[in-house]
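Here is the structure we will look at, set down as structure tokens.
Within every chain, numbering begins at 1; the chains are lettered A, B, ... in the order of the sequence lines, protein sequences first and strands thereafter.
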Amino acid sequence: MLLIHCPYCQEERPEIEFRNGGEAHIARSTNIAGESDEAFESFFFIRTNPKGLVYERWRHIHGCGRFFNAVRDSVTDKFLRVYKAGEPQPEPAEVMKTLPEHSAWENIPPADQNVATPARDRVSTDGEA
Amino acid sequence: MVEAVAITAKRRGALDHRSEAINGVSLQPAKPARRVSLRVRSDGLAPLSLALGLDLPSKPKTSVTANSRSALWLGPDEWLVIDDGEGDPIADLAGVSVLHSAVDVSHRNAAIIVSGEKAADVINAGCPQDLGLQAFPVGACSRTVLGKIEIVLLRTAPDTFRVECWRSFADYAFSYLSDAARGV
Ligand SMILES: [Zn+2]
């Protein structure tokens, strides 16, 4: 079982107390009725789904009940950073700096990762985050 | 002629007549209590604490108890107040004018008192939290999970826990804990 750090409870808690809330930092239009079909489709359905860093909303639903945001590596499943809802989105390069020295990325040849460099060596966002 | 018939109704608790003592672990229904689900922003803490007669805790996973009344931190702006004495927290809060939400959930919940040397092991059969005395000391409380249901857990003594669950889940919780006690 994963242990997830809740920024409100300020400690690691078991995964089953949490629920994923989809991609984070998707702003709803202030004039949703005036959106074109294409713009609404992209807001409502289209997600980046990258291999690597993902920014997600999580809710500590069976705990404090709060929503918060997390940066997770979709390859290793590791949580790299959590921050409270409303706090600014950390830059990928900044998150990468704090990656553990060894990650599961290193066990996977770059060709199989579909990326040129392992996550911890990547600094550009390159549409991946 | 129609004769008046006196009808008497008797309240029946969700766990009446259920109790277990297995492998040194005792499972008992808690006595009836008044409960309040309390939501308030930090600026309302002081007046509500004054009205309730205890300091609402602001540290995660902690509770404060004064006489028969306990306030359990559930979230940054959410508390569960339990009073199993004569007091009525809803009545005490009625005069507070600061913006808050206090909902009487007395009958929404039932509670089970789990006590004994292996009480933590029994709860851990279905609850994934670290219940060691260092991580979960006396007075610690948390909303968490027991098997398939959500509970609120409060440690009232080193070997005693109060398990609060929704009333309709009380049978499940009690049976789950009984089974777990058979296995410790
Ligand atoms: Zn939490």
Side-chain angles (χ1 to χ4, degrees), chain A residues 1-28 30 54-90 95 98 100 104, chain B residues 37-42 56-63 71-80 101 103 105 108-109 120 123-137 139-155 163-166 169 172-173 176:
Chain A
M1 187 181 293
L2 287 174
L3 293 174
I4 301 173
H5 184 97
C6 172
Y8 294 95
C9 294
Q10 295 161 27
E11 67 172 12
E12 287 188 327
R13 298 284 280 269
E15 168 192 357
I16 59 170
E17 289 186 1
F18 296 84
R19 188 169 294 170
N20 180 282
E23 188 170 341
H25 303 293
I26 294 173
R28 188 179 192 274
T30 51
V54 290
Y55 290 77
E56 294 172 319
R57 302 168 80 220
W58 281 79
R59 186 178 180 202
H60 193 185
I61 187 164
H62 300 302
C64 63
R66 298 291 96 183
F67 277 95
F68 60 93
N69 292 326
V71 191
R72 194 168 60 86
D73 187 330
S74 62
V75 174
T76 63
D77 240 6
K78 268 194 193 331
F79 281 74
L80 307 176
R81 179 81 62 90
V82 293
Y83 50 105
K84 292 180 178 176
E87 287 179 358
Q89 176 174 10
V95 176
T98 60
Chain B
S37 168
L38 189 60
R39 307 288 306 260
V40 66
R41 296 204 180 102
S42 53
L56 289 169
S58 48
K59 192 166 170 263
K61 223 168 82 170
T62 61
S63 67
L72 285 60
W73 187 98
L74 294 187
D77 60 0
E78 184 179 4
W79 290 263
L80 177 66
S101 154
V103 180
V105 293
R108 184 192 71 179
N109 286 16
I123 293 164
N124 266 153
C127 172
Q129 279 208 31
D130 183 349
L131 299 182
L133 268 169
Q134 206 172 358
F136 209 91
C141 64
S142 174
R143 185 156 47 198
T144 179
V145 171
L146 177 78
K148 291 192 285 187
I149 62 169
E150 181 177 289
I151 58 165
V152 172
L153 188 63
L154 167 68
R155 186 177 220 141
V163 176
E164 288 264 335
C165 66
W166 286 16
F169 298 154
Y172 171 84
Y176 195 103

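- A 4.5 Å side-chain heavy-atom check between R13(A) and I4(A) finds every atom pair outside the cut-off.
- Ranked by non-hydrogen atom pairs under 4.5 Å with chain A, the options I151(B), V152(B), D77(B) are led by D77(B).
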Sequence neighbours left out, cut at 3.5 Å: what donor-acceptor pairs do the side chains of residues 126-135 of chain B make with other protein atoms?
residue : atom : partner : partner atom : Å
Q129(B) : NE2  : E17(A)  : OE2          : 2.9
Q129(B) : NE2  : S142(B) : OG           : 2.9
D130(B) : OD1  : G132(B) : N            : 2.9

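- Heavy atoms closer than 4.5 Å to chain B are found nowhere in E15(A), neither backbone nor side chain.
- Contact count versus chain A (heavy atoms, under 4.5 Å) is highest, among K59(B), E78(B), R143(B), for R143(B).
- For a residue to count as touching a neighbouring chain, one of its non-hydrogen atoms must lie under 4.5 Å from one of that chain's; by this rule L3(A) does not touch chain B.
- You'll find the side chain of W73(B) reaches within 4.5 Å of the side chain of W79(B), heavy atoms only.
- Here the side chains of C6(A) and C64(A) are in contact, with some heavy-atom distance below 4.5 Å.
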